[in-house]
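Here's the structure, in structure tokens; my notes come after.
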Amino acid sequence: MAAYVNLRRGESMMEIGRLSPVFAKVFEDRHLANPWTKAMERVVPNRRVVMMSSLVPFSSVSRTSFHDDVLAPGAIVDGMSVMLPSLAIDGGFGGLHFSIQRRREKWAAESAQRLDALAPHLCRALEASIKLAPLMDGTRQLERILNLMPSAALLIDGRQRVRFANAAAEQLFVRRDGLSLDRDRRLQAGSPFPVEVAAFSQALSDALDVASGGDSRIGEPVRITRLSGNGSLLVVPVPLPPPAFELWKLADSARALVLILDPNARHKNTVRALQSAFGLTAAEARVASLIASGLNGPQTAKVLGVTPATVKTHLARSFEKTGTNSQVGLARLLSAMPPLD
């Protein structure tokens, strides 16, 4: 198997070979901190073969529930492990492990010698696979797509660190109005309401759990009230497909897509799109955008600080230039066209 274990966090990731998945599950759920893993935690990772029997006598292991639940059903009496320095992450450890069954115990020394010669090559292959993971999960292609989007969008890894943010998202971070990044580029909510901050954190955690194969449910989009008084942000975390290889979870690759809807940005982009597509003046485009959003004439006049008569004039010219003749028709037109970046 290829495995990573973090006893402090009670976490493990395993890609098993010919071992029974049933007993592997029992190992992860009940016996992660067994005599073998506790001993391996103290081993210096140097890509060399280590025999379990040289660390803990089998006579000691045989008296544990770990032996009864995991080793005995598979007739396992020893094991060989090769620890990788690159998997010594956050207090955890990992590498390659080969179990030795009782019927092959007499060849254990010979097997260890042969494995020791192969270990450097196996380690390089595993390390290369983990390093290549971000290039194999479609992240680069997704980044290109996000760069074309007018709305803020970003990718986060399993620790909620931003791995990529498009231009609209970076602008939000610069303003620190609603969302920001800490020193480790972890996504932070800046809402004045604790309930919104808690909902935001839970939404990200749920999305990352689903991305890792967990059974969390994706909730509703999260509202973030901004201190500036601008319209609230709407945050939608979307889990990305789980890695095909379990240990790829250790790579700093994207685990969730976070979409951020900013009504103010949408309005500004819509105004620009109307000007570009239909030749509206800036004033006409502002009126058309507000009317299409559901405001009436007097409300639009109040927002823009002009008279209702001015709004009526701009609206009439907007209808003429866009080929529409009603507020509903204008709204349908605007909803069908993408805003400019």
4.5 Å side-chain heavy-atom contact, M52 and S81: yes
Selection residues 60-86 - residue pairs positive for salt bridge (charged side-chain N to carboxylate O under 4.0 Å, His left out), sequence neighbours left out: R30-D69
Between CZ on residue F200 and CD on residue Q188, distance to nearest 0.5 Å: 7.5 Å
salt_bridge(E170, R176) N-O dist < 4.0 Å: no
Partner set under side chain to side chain donor-acceptor pair (under 3.5 Å) for R175, not counting sequence neighbours: none
CZ (R102) with more than 12 external heavy atoms under 6.0 Å: no
Validation row: L96, M80 side chains within 4.5 angstrom (heavy atoms): no
Interatomic distance, K25 atom NZ to M14 atom CE [nearest 0.5 angstrom]: 9.5 Å
Carboxylate-amine/guanidinium proximity below 4.0 Å for D157 and R163: yes
Counterpart residues, side chain to side chain donor-acceptor pair (under 3.5 Å), relative to T307 (two or more places apart): T310
Aromatic ring pairing H97/W36, orientation class (parallel under 30°, perpendicular over 60°, tilted between): tilted
T64 side-chain N/O to S60 backbone N/O, donor-acceptor pair under 3.5 Å: no
